[in-house]
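The structure appears below as structure tokens.
If you read the sequence from its start, that first residue is 1, and numbering goes on from there. Hydrogens, waters and symmetry mates are skipped; everything else that's a heavy atom, side chains included, is used. Model, not experiment: these values are computed from the prediction.
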Amino acid sequence: MVDKTRQSKVFESLDERHRKAVILLFEDELTDEQIANSVNRSRATLSKWKKDPLFQQAQQEYRRIALDSYVPDAIKHLNELALNSKSDMVQLQATQTILNMAGYGTANSNVELDKAKVRKANAEADIAEARAKELEPESSVDDNDGFISALKNSAKNVWSDDNEA
């Protein structure tokens with residue numbers, strides 16, 4: 001097995017006290033005062049460390065490493081639940097979680113559901129296109145010319161009526 005702590009450059013670049021503080025903060029079992037005492041520093045110093053971007057990056061690296069190490073046991077536990085749980089619902093949820101993690105869909109998606117969504121979207125687009133065609137005027141260029149002439153005449157009449165008054 002690969003030692004993943006060796007893969008974290010920032011975490012490894014810290015001195016022993018900083019690394020210990022990162023680990024204790026992750027474990028979340030001690031107060032900041034207790035963590036500071038365990039690394040022989042003051043609470044104020046630990047507070048400064050926690051604000052340092054390099055220390056924060058080391059915390060993120062360590063968190064990723066620690067959580068990655070839990071994954072195999074979590075998957076084994078899910079498998080045990082899927083196979084041995086007394087509750088059908090727990091078995092179903094554990095099985096779905098394993099399948100989702102394996103890339104066989106998500107809780108909100110699967111191949112058939114995705115195909116149905118595409119068919120629905122295409123049908124809705126066809127309906128919208130048909131409605132748009134119904135709303136388009138069926139006029140030709142001649143009709144438009146006649147309409148424009150009528151508007152001009154109407155405008156002339158309004159203009160002459162205003163001038164005569």
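Side chain of Glu61 to main chain of Val10: a donor-acceptor pair is present (N/O by atom type, distance under 3.5 Å, no hydrogens or angles). For the pair Asn79 (side chain) and Ile75 (backbone), a donor-acceptor distance under 3.5 Å is absent. Judged by distance alone, the side chain of Ser69 and the main-chain N or O of Ala66 form a donor-acceptor pair under 3.5 Å.
Expressed to the nearest 0.5 Å, how far CD of Gln93 lies from OG of Ser87 amounts to 7.5 Å. One finds the CG atom of Asp52 at 7.0 Å from the NE2 atom of His18 (value rounded to the nearest 0.5 Å).
Paired with Tyr62 under the rule side-chain contact (heavy atoms from CB on, under 4.5 Å), one option of Val22, Leu67, Leu25 passes, and it is Val22.
Grouping the Ile, Leu, Val, Met, Phe, Trp and Tyr side chains by contacts below 4.5 angstrom, directly or via other members, places Leu83 apart from Met89. Under the 4.5 Å side-chain heavy-atom criterion for grouping Ile, Leu, Val, Met, Phe, Trp and Tyr, Leu92 is not connected to Leu78 through any hydrophobic cluster. The cluster map of Ile, Leu, Val, Met, Phe, Trp and Tyr, joined by side-chain heavy atoms under 4.5 Å apart, puts Met101 and Val90 in different clusters. Note on Phe26: it clusters hydrophobically with Ile35, by side-chain heavy-atom contacts below 4.5 Å among ILVMFWY residues.
When side chains are defined from C-beta on, Leu99 does not count as touching Gln96, because their heavy atoms never get closer than 4.5 Å. At least one side-chain heavy atom of Lys50 sits less than 4.5 Å from a side-chain heavy atom of Asp32. Side-chain contact between Trp49 and Arg41 is present, with heavy atoms from C-beta onward closer than 4.5 Å. For the pair Ile23 and Phe11, the minimum side-chain heavy-atom distance is below 4.5 Å. Looking at Leu81 and Gln91, their side chains never come closer than 4.5 Å, going by heavy atoms from C-beta outward. Between Gln34 and Asn37, every side-chain heavy-atom pair lies at or beyond the 4.5 Å cut-off.
Across every non-hydrogen atom of Arg43 and Glu33, the tightest pair is CB-OE1, 3.3 Å. Taking all atoms of both residues into account, the shortest heavy-atom contact from Leu46 to Ala36 is CD2-N, 4.0 Å. The minimum heavy-atom distance between Ala82 and Ala94, with the atom names listed, is N-CB, 3.7 Å. The two residues Leu14 and Arg19 come nearest to each other via the heavy atoms O-NH1, 2.5 Å.
Within a 6.0 Å sphere centred on CD of Glu16, heavy atoms belonging to other residues, nucleotides or ligands number 12 at most.
Of the charged side-chain nitrogens involved, at least one lies within less than 4.0 Å of a carboxylate oxygen, so that Glu129 and Lys133 count as a salt-bridged pair.
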